[in-house]
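Values in this document were obtained by computation on a predicted structure and should not be read as measured data.
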Amino acid sequence: MAGRIPKTFIDDLVARADVVEVVGRRITLKKAGREYKACCPFHNEKTPSFQINPQKGFYHCFGCGAHGDALRFIMDYEHLDFVSAIEVLASEMGVSVPREQVSAQQQAKEIQQRSEQLQGFALLAQAAQWFVHNLKHHAQGVQAIEYLKSRGVTGVVARDFAIGLAPNESMGLQKQFPDVTKAQWLAVGLVAEREDGSVVDKFRNRIQFPIRDLRGRVVGFGGRIMQASEHAPKYLNSPENEFFHKGNMLYGLYEMLQSVRNINRVLVVEGYMDVVALAQFGVRQVVATLGTATTPAHLQLLFKHTSEIVFAFDGDKAGRKAAWKALSVALTQLSGSRSVKFFFLPQDEDPDSYVRRYGADALMQALDQSLTPGEWLVRGLADLSGLSWSVAEDARRLLFQSAQWLKQTEEMSVRYALIQSLAQAADMQEWQVEKLLGVRTGLAVHRDLKKKQLVAPALATQKLSDKLLALLAQFPQLAEDWPSQDAALLHQYGEKGVMALLTALAGNLPTNASASLLPFTIEQAKHEWQDGWQLLVCKAIETARLSMLKQMEQGQSNESLLVALSKLNQRVKLCQTRAQRQ
């Protein structure tokens with residue numbers, strides 16, 4: 001129906017709603033005197049701290065502070081907007097939602113628009129079902145399934161994400177649904193119009209990824225071509241239309257909200273396959289932008305469900321350019337309770353390949369080394385300008401370049417965090433940076449600057465990974481020479497702290513890594529660097545060898561394990577020979 005929902009109806013609906021009944025339909029409650037208890041559905045806990053007071057008609061969690069009435073619970077639990085939650089609550093109470101009176105002409109127009117919208121959603125849903133059906137029953141299905149298997153996609157994950165197949169047919173959809181008009185096809189973006197006025201299926205010979213809104217309705221598709229072609233893009237999205245607005249949509253958001261209740265962090269990636277691949281490894285707090293740069297609407301949408309967002313970018317020039325744009329958008333959306341970080345993947349890696357090579361645990365550890373906005377601002381300014389923070393005149397110029405970035409946020413706590421990073425990079429007091437740039441946060445204080453040590457701390461007492469990290473901070477060019485072929489070995493069996501080193505090699509070097517200046521020339525640093533890596537790898541080899549021997553003692557021996565152990569034994573001998581020479 002058309003028109004607004006009367007406020008009196010909303011007030012009466014909430015007053016009549018039984019909060020115990022509404023909540024009890026969704027989680028298990030246990031009576032405790034006059035109240036009801038349960039483990040809170042909004043955060044992880046073992047001892048119930050979620051209580052419902054039927055007399056007052058509200059719930060409260062003493063663990064996370066969640067509080068509200070029946071309507072608020074439906075909104076938060078089902079991830080619905082206000083109007084949708086009213087409609088759900090009214091339906092459960094068996095009442096219809098009234099609307100304010102409008103003219104008959106306007107009402108007829110809105111009813112027609114609503115009818116066309118419902119037809120559009122129905123058509124998109126039918127198309128999604130047809131794509132899924134094709135994956136199993138179409139002649140091209142075998143090829144599509146083989147492709148998905150080659151990417152490690154399991155049947156369960158394909159089902160969860162409703163992955164399908166658009167066959168290589170120009171009229172496939174139109175033949176399947178002959179009663180649908182050209183106008184209806186064009187409205188939902190599933191056909192493309194030729195110069196002569198005829199239409200052909202927009203998605204052909206592609207793996208189909210349905211894009212769903214927060215209510216689970218299909219609003220568009222992303223298609224990935226199975227065979228590379230010079231005449232067709234690798235990825236193809238639905239065009240902008242009434243149902244699909246890529247600047248407001250995120251792939252995988254609906255699936256994430258259905259599978260994860262307590263979302264402490266969301267990882268934003270670039271491709272559909274990255275979302276699907278990470279889901280297979282149990283990493284479900286992931287979404288992807290739809291072939292567009294990050295928008296304020298994307299961040300606003302995500303911050304409704306989490307307080308921390310981590311952007312994952314390729315470590316190449318294009319990835320850094322995308323991260324620079326994301327920083328500009330993020331600064332306008334940050335507040336004291338919101339956090340955005342930036343993670344750069346190693347060269348020639350994407351989230352899909354990374355998690356397959358190193359595993360989900362390694363990825364989670366690497367994400368802990370992500371850069372804050374201040375750290376990325378410091379790094380990005382230097383990268384773009386070619387200037388160095390260690391040169392006084394360069395630092396002054398870099399600080400003036402940072403002024404435009406400070407102005408992008410009105411939140412004083414965020415601006416102060418940026419100033420802290422800038423002051424540390426320039427080796428200045430925070431108040432000095434504020435005075436130089438004409439900025440005042442009211443938070444800067446005088447601190448005793450820790451003078452950079454001219455002599456390195458006792459390197460012999462440092463962990464190898466820490467020593468190498470310090471060398472890398474002072475001599476970034478060393479990143480071009482390290483045993484990348486042993487990255488998987490180091491991820492799994494390296495000493496504690498090696499993840500920070502491997503992450504730094506991808507461009508995620510912590511700003512405090514260069515706190516001490518090592519008394520080396522570049523040639524001396526190269527020697528220390530090479531020796532350190534040899535020892536670090538040899539330690540990992542010995543750890544891996546002992547782990548495999550333990551597996552054999554436990555009766556887990558197999559041919560692949562014996563082959564791997566034989567190779568490690570050969571490398572152990574090389575390590576021993578090298579140690580004797582030294």
Side-chain angles (χ1 to χ4, degrees), residues 124 127-155 157-176 185-186 188-194 198-212 218-241 243-244 246 249-252 255 269-280 286-293 314 316 318-319 322 348-356:
L124 287 163
Q129 293 170 0
W130 184 67
F131 291 142
V132 170
H133 180 269
N134 290 338
L135 193 61
K136 293 183 179 180
H137 303 288
H138 194 277
Q140 274 187 273
V142 174
Q143 178 190 358
I145 291 173
E146 286 303 315
Y147 169 79
L148 291 172
K149 286 182 177 179
S150 72
R151 300 296 298 268
V153 179
T154 65
V157 171
R159 179 202 64 198
D160 290 348
F161 286 86
I163 297 174
L165 165 68
N168 193 18
E169 301 172 10
S170 60
M171 301 285 288
L173 267 172
Q174 298 171 72
K175 290 179 180 177
Q176 181 66 24
W185 283 123
L186 288 170
V188 297
L190 285 172
V191 298
E193 189 171 15
R194 291 171 168 170
S198 63
V199 294
V200 294
D201 289 3
K202 185 174 183 64
F203 297 97
R204 303 187 300 276
N205 197 31
R206 291 180 180 273
I207 300 294
Q208 292 294 93
F209 300 86
I211 302 162
R212 297 186 267 204
V218 177
V219 295
F221 294 90
R224 191 196 190 285
I225 199 165
M226 287 188 288
Q227 295 177 337
S229 171
E230 296 181 358
H231 308 290
K234 181 178 178 181
Y235 285 101
L236 183 66
N237 286 323
S238 290
E240 292 280 321
N241 55 53
F243 304 90
F244 180 71
K246 63 182 179 181
M249 301 298 302
L250 290 163
Y251 178 71
E255 289 79 4
V269 296
E270 295 183 85
Y272 312 113
M273 285 304 303
D274 293 326
V275 175
V276 173
L278 292 172
Q280 292 176 156
V286 188
V287 298
T289 52
L290 302 169
T292 184
D314 293 343
D316 57 13
D348 300 323
E349 295 278 10
D350 55 32
D352 183 358
S353 63
Y354 190 98
V355 75
R356 295 186 192 288

Give the minimum heavy-atom separation between Val355 and Ala277, together with the two atoms involved. CG1-O, 4.4 Å

Run the side-chain contact (heavy atoms from CB on, under 4.5 Å) test on Val153 and Phe161 for me, step by step, so that the C-alpha distance in whole Å, both residues' side-chain angles and the decisive distance to 0.1 Å come before the verdict. CA-CA 11 Å; Val153 179; Phe161 286 86; over 6 Å; no

Given 3.5 Å as the limit, does a donor-acceptor pair link the side chain of Glu255 with the main chain of Asp160, or not? no

Rounded distance [0.5 Å steps], CG in Asn168 versus CD1 in Ile225: 8.5 Å

Could you tell me whether the side chain of Glu240 and the main chain of Lys246 form a donor-acceptor pair under 3.5 Å? yes

Determine, step by step, whether Phe221 and Lys202 satisfy the side-chain contact (heavy atoms from CB on, under 4.5 Å) criterion, reporting the C-alpha distance in whole Å, the side-chain angles of both residues, the deciding distance to 0.1 Å, and the verdict. CA-CA 10 Å; Phe221 294 90; Lys202 185 174 183 64; over 6 Å; no

Is there a donor in the side chain of His133 and an acceptor in the side chain of Gln176, or the other way round, less than 3.5 Å apart? no

Residues which pass salt bridge (charged side-chain N to carboxylate O under 4.0 Å, His left out) with Glu349, listed by chain and number, not counting sequence neighbours: Arg357

Applying side-chain contact (heavy atoms from CB on, under 4.5 Å) to Glu169 and Arg204, what does each step give before you reach the verdict? CA-CA 6 Å; Glu169 301 172 10; Arg204 303 187 300 276; 6.0 Å; no

Under 4.5 Å between any side-chain heavy atoms of Pro351 and Tyr354, yes or no? no

Applied to residues 139-152, the salt bridge (Lys or Arg N to Asp or Glu O under 4.0 Å) test, sequence neighbours excluded, yields Arg151-Asp352

Could you tell me if Asn134 and Gln140 have a donor-acceptor pair between their side chains, going purely by distance under 3.5 Å? no

Any heavy-atom pair between the side chains of Leu148 and Leu135 that's under 4.5 Å? yes

pair Ile163-Phe209: side-chain heavy atoms closer than 4.5 Å: yes

Atom pair CZ/CG of Arg206 and Leu165 - distance to nearest 0.5 Å: 12.0 Å

Could you measure the distance from the CG atom of Asp350 to the CG atom of Asp274? Nearest 0.5 Å is fine. 5.0 Å

With side-chain contact (heavy atoms from CB on, under 4.5 Å) as the test, would you mind laying out the steps for Leu173 and Val191 before giving the verdict? CA-CA 9 Å; Leu173 267 172; Val191 298; 5.8 Å; no

About how many Å separate CE of Met273 and CG of Leu278, when rounded to the nearest 0.5 Å? 10.0 Å

Just to verify, what does Phe203 make a ring-ring contact (aromatic ring centres under 6.0 Å, His included) with, not counting sequence neighbours? none

When rounded to the nearest 0.5 angstrom, what is the spacing between CZ in Phe243 and CG in Leu124? 6.0 Å

Validation row: Val275, Val269 side chains within 4.5 angstrom (heavy atoms): yes

Interatomic distance, CG@Leu190 vs CG@Asp201, rounded to 0.5 Å, equals 8.0 Å

